[in-house]
Amino acid sequence: MNILFYNNTYLWNNQSVISLELAERFKKHQIFFLTCDETLFSCAANPEKIKNICKTCLVNKDKTLKNLKKQNNFQELILSRKINYNKFSFKLKDFYQLREIYYKNMPIGELVISQICDNEKSDYLSREFILRNKDRIIKELNSGIELFENVISKINNYKIEKIYAWNGRRASDGPVIFAAKYKRIPFKTFISSNPKQYSLSKGTKIHDLKEIKKRINNYSKYILKKNINLKKIYKNFILNKINNNIEKSNYGHQRIDSKKGKKIGEKNYIVFFTSSSYENAGFKDWDSKIYLDQYQAIKRLINDKRLRNTKIIIRWHPLLKIAGTIEKQRAEDIIKIKVKNVRHVRFDENISSYNILLNADKVITFGSTIVFEADYLKKPIISLTETPYDDLNFFHKPSSHEEAINLIKKKINRKVSVLPSTYAALAKNNIYRFNIKKFTYKNNNYYFKNKKVISYTYLDRLRILISKKFNV
């Protein structure tokens, strides 16, 4: 079998070594590594395309692939450098029009939004931003299209039968998977979960909601047949979340301690917990069926006169402190709206989220994982968007704004389900993560048969720091 691997993150050792681990699994097959030679307009590791960072990446790539190049079953394929970043022209109006741009059934608009939202640390791009950065966005679109066509060419010329690509959610990697899909050949996305593990997905991106739901549902069916104490597992899961021992992966893998801070000092209220993930920005599979996003949801709810007698607390996610200018301003604009029955607990306010949860009568969420703590505390939950946990049947999910208002106003019971505890079991025993077996990780380095795989020197790191600071 001819297998193609694609990875453009040779600056990140833990991501690079996964492609080597997978290649070791298929060493009896013909292996092709598709690499970038300063071709892409941007990538996850170098979004501003700083020249010296590109050069450092190329050096690191050669170090990473050094041992593979000695094998008879290995061949490196390099992306064509003849890319016209202005090949196609696009009329850009706003965020929603941008994400409707497709090329041969590839949602290139979504992929470009994902890359730029990642750079800007925002889940949305304003019209002013898009018009101001029109040239950059057009180049990102064309770069992704050229990557797609380049991969199609490689599939045809080298008779590629299967593709593994890193992540899949940006214009610098997603087109590889959509090329495989276009040619109807099997594909998987991969990403490093931590230095010693990795994840694989059959979705077009690691964050493919349909695939995530499928995994959760399949595991729930499996684990319910086992004779295990799910109640105890659920309790430990909640305690680990409260004590901040659960892996977080949003906003640059930052951790927060939601139990620290002052008490809220109020009673008889409904709390709306906002979420913080811009990793899913622009992707339609994560869209709410009612609202454009959580900001529109909050505005419509607090401005709805039918809720004037309902005390509402908006708990802005603490990680908004490090969000980008666009998203932070969107939050500030809503906080400025003066409504007597609404209190905003700002993202930079030192108040315990768990204390707010403990004293709430109901909980409204827009994708926040605090639904599990709310369920454990026997709180009625209203979810206003698509989440991986929709089929676990432990929250109310309105299908319209009218239904959302009714659920908020009237007395509702908590939806009781054993299924959230099956998710806790999945978090504990994550069968969808694989251990890195062929390589040893110690002292921040990877070794293969006691030899260092990647010699990422302090000089390399210094070069990158200087390049980022002076944009050279």
Side-chain angles (χ1 to χ4, degrees), residues 1-9 15 18-19 22-23 25-26 29-36 39-44 77 79-80 83 87-88 90 98-115 118 140-191 198-215 217-218 279-287 386 388 432:
M1 180 180 281
N2 293 340
I3 304 174
L4 179 73
F5 292 90
Y6 176 79
N7 172 31
N8 59 6
T9 57
Q15 304 298 343
I18 304 307
S19 52
L22 291 169
R25 281 176 51 184
F26 297 105
H29 299 272
Q30 188 64 36
I31 301 299
F32 298 86
F33 267 60
L34 181 61
T35 63
C36 170
T39 308
L40 300 168
F41 182 73
S42 74
C43 69
L77 308 178
L79 288 171
S80 169
I83 285 187
K87 183 176 181 179
F88 296 102
F90 300 92
L98 172 57
R99 75 174 190 165
E100 292 300 326
I101 296 176
Y102 282 76
Y103 178 80
K104 295 184 178 179
N105 291 326
M106 172 178 65
I108 186 61
E110 288 187 10
L111 300 176
V112 168
I113 283 174
S114 182
Q115 174 67 73
D118 209 42
E140 289 278 14
L141 290 164
N142 278 293
S143 179
I145 289 169
E146 289 284 353
L147 175 58
F148 175 91
E149 291 293 354
N150 221 299
V151 176
I152 294 289
S153 175
K154 297 292 190 287
I155 291 171
N156 292 336
N157 293 341
Y158 296 94
K159 296 181 172 55
I160 301 300
E161 299 167 87
K162 192 171 187 178
I163 288 181
Y164 286 83
W166 178 79
N167 200 312
R169 73 174 173 91
R170 299 176 179 84
S172 55
D173 42 70
V176 177
I177 292 298
F178 280 97
K181 189 175 181 181
Y182 183 80
K183 295 294 292 184
R184 298 183 179 181
I185 64 172
F187 59 82
K188 284 185 181 179
T189 51
F190 65 86
I191 197 168
Y198 64 96
S199 300
L200 293 172
S201 172
K202 292 180 181 178
T204 55
K205 55 185 182 291
I206 283 290
H207 304 84
D208 189 295
L209 183 58
K210 184 178 178 180
E211 182 66 19
I212 296 170
K213 282 184 178 182
K214 182 180 176 182
R215 288 181 169 193
N217 295 341
N218 287 344
E279 291 186 325
N280 306 321
F283 291 116
K284 296 189 188 104
D285 51 343
W286 291 84
D287 277 355
E386 296 299 298
Y432 299 115

More than 12 heavy atoms of other residues, nucleotides or ligands under 6.0 Å from CG of N157: yes or no? yes
Value rounded to 0.5 Å, distance of CZ in R170 from CD in E140: 11.0 Å
Taking NZ in K104 as the centre, count heavy atoms belonging to other residues, nucleotides or ligands within less than 6.0 Å. Is the count above 12? yes
Determine whether Y158 and L34 make a side-chain contact, defined as any pair of heavy atoms from C-beta on separated by less than 4.5 Å. no
Decide side chain to side chain contact (heavy atoms under 4.5 Å, CB included) for I160 and K183; before the verdict, give the C-alpha distance in whole Å, the side-chain angles of both, and the deciding distance to 0.1 Å. CA-CA 10 Å; I160 301 300; K183 295 294 292 184; over 6 Å; no
Please name the pair of heavy atoms, one in P186 and one in E161, separated by the smallest distance, quoted to 0.1 Å. CD-O, 3.2 Å
Decide yes or no for R215 and E211: does some side-chain heavy atom of the first lie under 4.5 Å from some side-chain heavy atom of the second? yes
Counting only N and O atoms by type, is there a donor-acceptor contact under 3.5 Å from the side chain of N2 to the main-chain atoms of K159? yes
Using modelled atom types only, decide if a donor and an acceptor are shared between the side chain of N8 and the backbone of C36 within a distance under 3.5 Å. no
Could you tell me whether the side chain of L77 reaches within less than 4.5 Å of the side chain of L4, counting heavy atoms only? yes
Any side-chain heavy atom of Y6 sitting closer than 4.5 Å to one from I177? no
Taking atom types as modelled, find out whether N150 and K154 have a side-chain donor-acceptor pair closer than 3.5 angstrom. yes
So which atom in T189 and which in T204 form the shortest heavy-atom distance, rounded to 0.1 Å? CG2-O, 3.8 Å
In short, V151 meets A179 closest at the heavy-atom pair CG1-CB, 3.6 Å
Shortest non-hydrogen contact from N7 to Q15? ND2-O, 4.0 Å
What I'd like to find out is whether the side chain of P107 reaches to under 4.5 Å of the side chain of F178, using heavy atoms alone. yes
How long is the straight-line distance from CG of L111 back to CD1 of I145, given to the nearest 0.5 Å? 10.5 Å
Can Q30 and M1 be said to form a side chain to side chain contact (heavy atoms under 4.5 Å, CB included), step by step? CA-CA 6 Å; Q30 188 64 36; M1 180 180 281; over 6 Å; no
Once you round to the nearest 0.5 Å, how far does CD of E149 lie from CG of L79? 13.0 Å
So OG of S114 and CG of D173: to nearest 0.5 Å the spacing works out to 8.0 Å
Taking Y164 as the fixed residue, which of F26, F190, F32, F33 is the one that meets the ring-ring contact (aromatic ring centres under 6.0 Å, His included) rule? F26
May I ask you to decide whether K213 forms a salt bridge with E386, counting only side-chain N to carboxylate O separations under 4.0 Å? yes
Reported NZ-to-CZ distance for the pair K284 and R99, which is rounded to 0.5 angstrom: 5.5 Å
Distance col, row F187:CZ vs I185:CD1, nearest 0.5 angstrom, shows 9.5 Å
Answer yes or no: is there a donor N or O on one side and an acceptor on the other, between the side chain of H207 and the main chain of N280, under 3.5 Å? no
Check this for me: does any side-chain nitrogen of one of K205 and D285 sit under 4.0 Å from a carboxylate oxygen of the other? yes
Classify the ring geometry between F148 and Y182 as parallel (under 30°), tilted (30 to 60°) or perpendicular (over 60°). perpendicular
Using a 4.5 Å cut-off on heavy atoms from C-beta on, say whether the side chain of I191 contacts that of Y198. no
State, to 0.1 Å, how close G282 and E110 come at their nearest heavy-atom pair, and which atoms those are. O-CG, 3.4 Å
Scanning both residues in full, the closest heavy-atom pair of I108 with G144 reads CD1-CA, 3.8 Å
Please work out which of the three classes, parallel, tilted or perpendicular, describes the rings of F88 and Y103, given edges at 30° and 60°. tilted
Check step by step if side chain to side chain contact (heavy atoms under 4.5 Å, CB included) holds for I163 and I155. CA-CA 9 Å; I163 288 181; I155 291 171; 3.8 Å; yes
